[in-house]
Amino acid sequence: MGRVEDILAVLDNMYPAAHCELNHTNSLELLIAVMLSAQSTDASVNRLTTGLFTKYRTLQDYLDVPLDVLEQDLRAIGLYKNKAANIKKTCQMLKTLYGGEVPASQDALESLPGVGRKTANVVLSVWFDVPRIAVDTHVERVSKRLKLATWKDAPRQVEDKLMRKIPKNKWSKTHHQMIFFGRYHCTARRPKCEECPLQGPCRYPNIHPRSR
DNA sequence: ATCCCGAGGG
DNA sequence: CCCTCTGGAT
């Protein structure tokens, strides 16, 4: 069995039910939750959206509210001023350009302020079931440690290499498994290397010989 | 390359 | 205290 196949098998075994952990009940809520997740934990986002999605139920609710009020409603999360402005502008564009719906196209999504490639990929994959691999901080770190990419690769290059190495029908599942692995096991700061079933393919011990 | 930017963990 | 969190725009 090849190296990549081994890694996928281990991830399947560790996280058979990996999934999107951002709470949402429709495409607008998912889009906003992903926008809010920039440089924030999903736990923080969910804590915030519990109340937010109760207060803001429709697209129009975001359009009607004054910017400074929305800012205060997002205050508990990082980058809240940027996020408030982007959400308001994005909702305006959804209304005027996309019939009040979240578009299912990569270009349309990325044209929205505050929505880049990573956010677009998550929405496409999670909501529209389009095969994509969103490269966030976890996926990037895990990919580099497991030698699925090199240390110098930018997120876009990591994405290309993953798409080449992973069967397309597994992109979405593997994406979430890498998130879980990065979030709960192969953490940025003190990865649990001693109890890791992926020590074989990992380069981390060679780069940080005695760290833990 | 830098800025935005709060909360939680170690 | 310092680091990290499903980034994006300039």
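Note that the structure is a prediction, hence the values are computed from the model and not measured. Each chain gets a letter, A, B and so on, in the order its sequence line appears, and its residues count up from 1.
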NZ/NE/NH1/NH2 to OD/OE distance under 4.0 Å, [X] and [Y]:
{"X": "A/E159", "Y": "A/R132", "result": "no"}
{"X": "A/K55", "Y": "A/D61", "result": "no"}
{"X": "A/D12", "Y": "A/K173", "result": "no"}

Length of the [atom1]-[atom2] vector between [X] and [N], whole Å:
{"X": "A/Q72", "N": "B/dC5", "atom1": "CD", "atom2": "P", "result": "12 Å"}
{"X": "A/H19", "N": "C/dT6", "atom1": "NE2", "atom2": "C1'", "result": "13 Å"}
{"X": "A/L124", "N": "C/dT6", "atom1": "CG", "atom2": "C1'", "result": "15 Å"}
{"X": "A/L112", "N": "C/dG8", "atom1": "CG", "atom2": "C1'", "result": "13 Å"}
{"X": "A/I77", "N": "C/dC5", "atom1": "CD1", "atom2": "P", "result": "15 Å"}
{"X": "A/F181", "N": "C/dT6", "atom1": "CZ", "atom2": "P", "result": "15 Å"}
{"X": "A/D136", "N": "C/dC5", "atom1": "CG", "atom2": "P", "result": "9 Å"}
{"X": "A/R117", "N": "C/dG8", "atom1": "CZ", "atom2": "C1'", "result": "14 Å"}

Might you work through the side chain to side chain donor-acceptor pair (under 3.5 Å) test for A/Q60 and A/K95, ending with a clear yes or no? CA-CA 8 Å; A/Q60 195 61 40; A/K95 179 178 181 179; 3.2 Å; yes
Taking side-chain contact (heavy atoms from CB on, under 4.5 Å) as the definition, give me every residue that meets it alongside A/K89, ordered by chain and number, with sequence neighbours left out.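 A/K89 satisfies side-chain contact (heavy atoms from CB on, under 4.5 Å) with A/P113 once adjacent residues are dropped.
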Angle between ring planes, A/Y56 versus A/Y62, binned at 30° and 60°: parallel, tilted or perpendicular?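 A/Y56 vs A/Y62 ring planes: parallel.
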Which donor-acceptor pairs under 3.5 Å do side chains of residues 134-142 of chain A form with protein atoms, sequence neighbours excluded?
| from | atom 1 | to | atom 2 | distance (Å) |
| --- | --- | --- | --- | --- |
| A/D136 | OD1 | A/H138 | N | 2.7 |
| A/D136 | OD1 | A/V139 | N | 2.8 |
| A/H138 | ND1 | A/R141 | NH2 | 2.9 |
| A/E140 | OE2 | A/K144 | NZ | 2.8 |
| A/R141 | NE | A/C186 | O | 3.1 |
| A/R141 | NH2 | A/G182 | O | 2.9 |
| A/R141 | NH2 | A/C186 | O | 3.2 |

A/R141 side chain near C/dC5 phosphate (N/O to OP1/OP2, under 4.0 Å):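 So the side chain of A/R141 is within the cut-off, an N or O lying under 4.0 Å from OP1 or OP2 of C/dC5.
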I want to check one thing: is the phosphate of C/dT6, taken as OP1 and OP2, less than 4.0 Å away from some side-chain N or O of A/R183? yes
Between the protein and nucleotides 1-4 of chain B, which nitrogen or oxygen pairs come in under 3.5 angstrom?
| from | atom 1 | to | atom 2 | distance (Å) |
| --- | --- | --- | --- | --- |
| B/dC4 | O2 | A/N82 | ND2 | 3.3 |

Side chain of A/T119, heavy atoms from C-beta onward: which of C/dT4, C/dG8, C/dC5 has the nearest atom to it? C/dG8
Closest listed nucleotide, where the reference is the side chain of A/T137 and the choices are C/dT6, C/dC5, B/dG9: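 Among C/dT6, C/dC5, B/dG9, the one nearest the side chain of A/T137 is C/dC5.
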First of A/D42 and A/G114 reached from the 5' end of DNA chain C, by closest nucleotide: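 Result of the comparison: A/D42.
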Contact nearer the 5' end of DNA chain C, comparing A/S40 with A/E110: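 Nearest-nucleotide comparison on DNA chain C picks A/S40.
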Using the P atoms only, state how far B/dC3 lies from C/dT6, rounded to an integer number of Å.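 Between the two P atoms, the distance is 24 Å.
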For B/dA7 versus C/dG8, give the span between their P atoms, rounded off to a whole number of Å.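 It comes out at 22 Å once rounded to the nearest Å.
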Heavy atoms only, 4.0 Å cut-off, all strands: where does A/P155 land among base, sugar-phosphate and nothing?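 If one applies the 4.0 Å heavy-atom cut-off, A/P155 turns out to touch nothing in the nucleic acid.
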